[in-house]
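Atoms within each ligand, like the ligands themselves, are counted from 1 in listed order. Since the model is a prediction, treat every value here as computed from it, not as a measurement.
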Amino acid sequence: MINYSNINGHLVPAGEASLKVSDLSVIRGFAIFDFFLFRQGHPLFLDDYLDRFYRSAELLHMAVPFSKAGFARQILQLIEHNGQEEGGIRLLLTGGYSPDGYTPAEPNVLILQSPLPAKTWQSSQGIKLMTHTFLREIPEVKTTNYVTGISLLPELQRRGFDDLLFVENGEWIRESARSNFFLVLDGQRVVTPGTKVLLGVTRKQILHLAGKRYQVEERDVHISEVAEAREAFFTSTIKGVLPVVQVGDQVVGDGKSGPVAAQLYRDFIAHVEAYLEEQSRKAQPLMEV
Ligand SMILES: *Cc1c(COP(=O)(O)O)cnc(C)c1O
């Protein structure tokens with residue numbers, strides 16, 4: 001049972017967590033958020049997620065009314081009060097109760113806990129992507145606006161695709177609605193778009209891990225490169241590393257999930273385990289003898 005949420009710095013019963021309808025998030029869709037997992041009671045890569053959350057706020061000229069350290073303490077306090085070992089945490093910063101329904105007011109801050117999503121880091125034989133000509137608005141900001149992705153769900157289902165790939169001007173691959181995209185060229189080069197994407201925290205971990213084994217390139221990626229690729233995959237907080245076997249009509253490589261994605265998936269799991277070990281060492285200072 002998740003009993004508590006945190007609204008504007010106060011623990012409240014989760015069932016009573018609410019905002020007034022005049023909030024700009026409701027009226028104009030003006031809000032940012034972030035989402036991360038915790039395991040064994042420890043948030044994974046918390047500093048990276050907090051950095052991104054504060055960066056998203058800054059780019060929209062919003063102010064988080066807490067220091068990063070103070071915000072981190074509230075997150076840990078919420079996890080402790082709810083008493084679960086693992087789960088997800090959603091942070092939200094909204095435009096506030098605007099007097100004229102347009103101008104931002106004092107922001108509202110929400111910390112909401114959820115159970116660990118059932119699909120977290122599931123291994124997969126590979127998914128098929130429907131391409132869509134689109135570039136997210138202010139791509140570096142994690143806003144709550146998923147209008148394009150959500151409105152395309154019926155078409156995805158009708159055409160038998162699993163997810164989307166946004167392609168700027170029909171030429172430059174960017175990302176999906178909720179995931180970053182990678183190609184593997186020559187079986188040795190791991191390539192991902194370097195700009196005009198949400199800089200995923202999983203993307204950052206995978207770039208770091210891939211750099212130890214392969215050549216890594218962050219640069220513009222043209223849609224025509226899919227035809228030359230051996231493999232493709234998605235990264236995200238929930239998906240971890242997820243193989244992609246088809247982009248539009250183009251089958252990727254031999255149409256099966258490949259060794260590089262599988263290797264990076266294993267490296268990611270090991271990296272998380274090492275991170276958790278370090279966190280629990282820090283949380284339990286050596287007893288004095
Ligand atoms: C959240 C998100 C991602 C993935 O980022 P992670 O930090 O790895 O979860 C990628 N693209 C968009 C548009 C996103 O909202």
Side-chain angles (χ1 to χ4, degrees), residues 25 29-39 43-57 59-60 75 86-93 112 114 116-117 119-122 124 127 129-153 156 162-168 172-183 190-210 216 218 221 232-244 247 261 264-265 267-269 271-272 275:
S25 61
F30 190 72
I32 60 150
F33 82 106
D34 226 298
F35 180 82
F36 55 86
L37 302 175
F38 64 95
R39 301 207 121 160
L44 298 176
F45 314 118
L46 181 59
D47 292 343
D48 287 326
Y49 287 97
L50 283 180
D51 285 348
R52 181 171 67 192
F53 187 71
Y54 279 69
R55 178 83 183 125
S56 289
L59 287 168
L60 293 190
I75 291 164
E86 57 180 22
I89 295 285
R90 184 173 298 266
L91 311 175
L92 278 143
L93 185 73
L112 309 176
S114 53
L116 192 73
K119 287 186 181 164
T120 300
W121 306 345
Q122 237 171 35
S124 161
I127 58 167
L129 306 184
M130 180 175 93
T131 57
H132 184 71
T133 296
F134 184 62
L135 176 65
R136 286 177 52 252
E137 200 178 356
I138 332 178
E140 296 82 9
V141 180
K142 202 164 175 86
T143 71
T144 56
N145 177 357
Y146 285 78
V147 168
T148 302
I150 293 173
S151 67
L152 286 167
L153 282 174
L156 275 186
D162 304 296
D163 210 328
L164 285 169
L165 186 62
F166 293 148
V167 184
E168 183 185 1
W172 301 103
I173 293 175
R174 294 302 172 200
E175 61 192 319
S176 184
R178 294 179 292 173
S179 310
N180 291 113
F181 182 80
F182 289 72
L183 282 180
V190 174
V191 183
T192 195
T195 56
K196 301 194 205 173
V197 295
L198 195 277
L199 295 172
V201 172
T202 320
R203 174 187 183 277
K204 177 182 166 178
Q205 309 298 335
I206 292 301
L207 281 171
H208 166 73
L209 295 168
V216 165
E218 288 180 75
V221 180
F233 58 90
F234 266 173
T235 65
S236 86
T237 297
I238 292 177
K239 296 185 183 87
V241 179
L242 188 70
V244 169
V247 174
L264 291 172
Y265 176 82
D267 287 352
F268 179 67
I269 301 295
H271 181 57
V272 168
Y275 179 91

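Between Thr237 and ligand 1, a contact under 3.5 Å exists for at least one N or O pair. The distance criterion of under 3.5 Å between nitrogen or oxygen atoms is not met by Thr235 with respect to ligand 1. Taking any N or O of Ser236, backbone or side chain, none lies under 3.5 Å from an N or O belonging to ligand 1. Considering backbone and side-chain atoms together, Gly200 places no N or O closer than 3.5 Å to any N or O of ligand 1.
The aromatic rings of Phe268 and Phe45 sit tilted relative to each other, their planes meeting at an angle between 30° and 60°.
Every heavy atom of Phe35 sits 4.0 Å or more from the atoms of ligand 1. In this structure, Arg52 counts as a contact residue of ligand 1, since one of its heavy atoms falls inside 4.0 Å of the ligand.
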Kindly indicate, with the supporting measurements, whether the criterion side-chain hydrogen bond (donor to acceptor under 3.5 Å, both in side chains) is fulfilled by Ser151 and Tyr146.
CA-CA 8 Å; Ser151 67; Tyr146 285 78; over 6 Å; no
Passes salt bridge (charged side-chain N to carboxylate O under 4.0 Å, His left out), Arg90 versus Asp34? Steps please.
CA-CA 6 Å; Arg90 184 173 298 266; Asp34 226 298; over 6 Å; no
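Counting heavy atoms closer than 4.0 Å to ligand 1, residue Lys142 contributes side-chain atoms (C-beta onward) but none from N, CA, C or O. In Tyr146, the part holding a heavy atom less than 4.0 Å from any atom of ligand 1 is the side chain. Only the backbone of Ser179 comes within contact range of ligand 1, with a heavy atom under 4.0 Å; no side-chain atom does.
Less than 4.0 angstrom separates some heavy atom of Glu175 from each of these atoms of ligand 1: 10 (C), 11 (N), 12 (C), 13 (C). Close contacts of ligand 1 with Ala177, meaning ligand atoms under 4.0 Å from a residue heavy atom, involve 12 (C), 13 (C), 14 (C), 15 (O).
In Arg39, the CZ atom is crowded: over 12 heavy atoms of neighbouring residues, nucleotides or ligands sit closer than 6.0 Å.
The single protein non-hydrogen atom nearest to atom 3 (C) of ligand 1 is Arg178 O, 3.4 Å, given as residue, atom name and distance. Looking only at heavy atoms of the protein, atom 8 (O) of ligand 1 is closest to Thr202 OG1, 2.7 Å.
Between Glu168 and Arg136, no side-chain nitrogen of the basic residue sits less than 4.0 Å from a carboxylate oxygen of the acidic one, so the salt-bridge criterion is not met. For Asp48 and Lys204, the salt-bridge test passes: some basic side-chain N is under 4.0 Å from an acidic carboxylate O.
A search for side-chain contact (heavy atoms from CB on, under 4.5 Å) contacts involving Glu140 returns Leu59, not counting sequence neighbours.
For Trp121 and Tyr265, the distance between ring centers is not under 6.0 angstrom.
The shortest non-hydrogen separation linking Pro117 to Ile238 is CG-CD1, 3.7 Å.
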